[in-house]
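Below you'll find the structure I mean.
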Amino acid sequence: MSFDHAHLLGIEPLAPHDITTILDLADQYADLGRSSAKHGTALAGLTQINMFFENSTRTQASFELAGKRLGADVMSMAMQASSIKKGETLIDTAMTLNAMHPDLLVVRHPHSGAVDLLAQKVNCAVLNAGDGRHEHPTQALLDALTIRRAKGRLHRLSIAICGDIAHSRVARSNIILLGKMENRIRLIGPPTLMPAGIAEFGVEVFDDMKKGLEGVDVVMMLRLQRERMDGGFIPSEREYYHRYGLDAEKLAHAAPDAIVMHPGPMNRGVEIDGELADDLRRSVIQQQVEMGVAVRMAAMDLLARGLRARRNTKAVMA
Ligand code: ASP
């Protein structure tokens, strides 16, 4: 099993075989998560620090659980209460934590590129838990694992990503990953929520849900990222739901066995009908949460193997 990356900063630098390596290991960890003895030792003796400068429920909880299940010492910093409030810069905070010799640093930050910058300053493995509207690699990987398990493959599928594409790091990471694995990607949403130059990504763009969903295997819904909007991008939530909210009627245009996904947090009645989100015959939203833990275990395990190997080489050379 080879994974030749010091950090997990995005999907962009990964090759298809890296993606498959992470997903294969995550499949094993998903089985472990379903057993009554959930513990592994891959991260025993290592220290994992979680720094979330933006709110998070699922991602932070699952990184914490993933580290604990693999035996790491896990510390989650309450960044709202930290010295950041007193004006300390991101880099100062990172350097302070670096002096405590963490092995894995999990970082979420509102600014695109902040996590890459931080990775250049510390000497441990850094995992991007979402930076601005740039990337959210573990989300795309957990989505990929959920799709692979539900559909039995991760290539030549027709996948619709719907809603606020422009402000979504989830959409961006998924477009890159699903494209690398040779799927057909359709983006559906109002033109105001489509990023400029999106056609260069080799995707098809629709502003009509029924046309866009025609025959697709996977429907991925996105939240309106209001915290990243600086103006009126939609007329009203009611109008938005009417045109772009996923309900049974619109879903009927997709393939009969199409699955419904959402990264959470979900706004029922805005981008998705609440009953459809809970319909276990179509919705795999709970599986996404489950796969989140498994994928984060796999990603941290692979990065830790590389970290240990590099440290051993250094020790031999010294
Ligand atoms: N939880 C995802 C993210 O952090 C999606 C969202 O917030 O809508 O990007």
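Just so it is clear, the structure is predicted and the values come from calculations on it, not from any experiment. Atoms within each ligand, like the ligands themselves, are counted from 1 in listed order.
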Spell out, yes or no, whether Met77 and Leu118 are grouped together once hydrophobic residues are joined by side-chain heavy atoms under 4.5 Å, including indirect joins.
yes
Tell me, please: is Pro265 in heavy-atom contact with ligand 1, that is, under 4.0 Å?
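Contact check Pro265 vs ligand 1: positive.
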Short N/O distance, under 3.5 Å, between Arg108 and ligand 1?
yes
Side chain or backbone, does Arg223 bring an N or O within less than 3.5 Å of an N or O on ligand 1?
yes
Sequence neighbours excluded, every pair satisfying side-chain hydrogen bond (donor to acceptor under 3.5 Å, both in side chains) that has a member inside residues 67-78:
Asn50-Ser76, Glu64-Lys68, Glu64-Ser76
Whether Arg58 lies under 4.0 Å from ligand 1, heavy atom:
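Per 4.0 Å heavy-atom rule, Arg58 does not contact ligand 1.
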Please confirm whether Gln225 comes within less than 3.5 Å of ligand 1 when only nitrogen or oxygen atoms on both sides are compared.
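For ligand 1, there is an N or O atom that lies under 3.5 Å from one belonging to Gln225.
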In this structure, which one of Asn174, Leu141, Thr138 forms a side chain to side chain contact (heavy atoms under 4.5 Å, CB included) with Ile11?
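Answer to the side chain to side chain contact (heavy atoms under 4.5 Å, CB included) test with Ile11 among Asn174, Leu141, Thr138: Leu141.
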Need the ligand 1 atom indices (1-based, order shown) with element for anything under 4.0 Å from a heavy-atom of Val170.
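That gives atoms 2 (C), 5 (C), 9 (O) of ligand 1.
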Aromatic ring proximity His5/Phe3, centre distance under 6.0 Å:
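They qualify: ring centres under 6.0 Å apart.
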Results of side chain to side chain donor-acceptor pair (under 3.5 Å) for Gln60 - residues two or more places apart only
none
Using a plain distance cutoff, I'd like to know if Gly264 has any nitrogen or oxygen under 3.5 Å from a nitrogen or oxygen of ligand 1.
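By distance alone, the answer is yes.
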Pair Lys210 + Glu249: basic N to acidic O under 4.0 Å
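Judged by the 4.0 Å cut-off on N to carboxylate O distance, Lys210 and Glu249 do form a salt bridge.
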Give the atoms of ligand 1, by number and element, whose distance to some non-hydrogen atom of His136 is under 4.0 Å.
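Matching atoms, with element in brackets: 3 (C), 4 (O), 9 (O).
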Select the closest option to atom 4 (O) of ligand 1 among Arg169, Glu227, Arg133, judged by heavy-atom distance.
Arg169
Face-on cation placement of Arg108 at Phe52 ring, 6.0 Å and 45° thresholds
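Geometry flag: not set, cation outside 6.0 Å or 45°.
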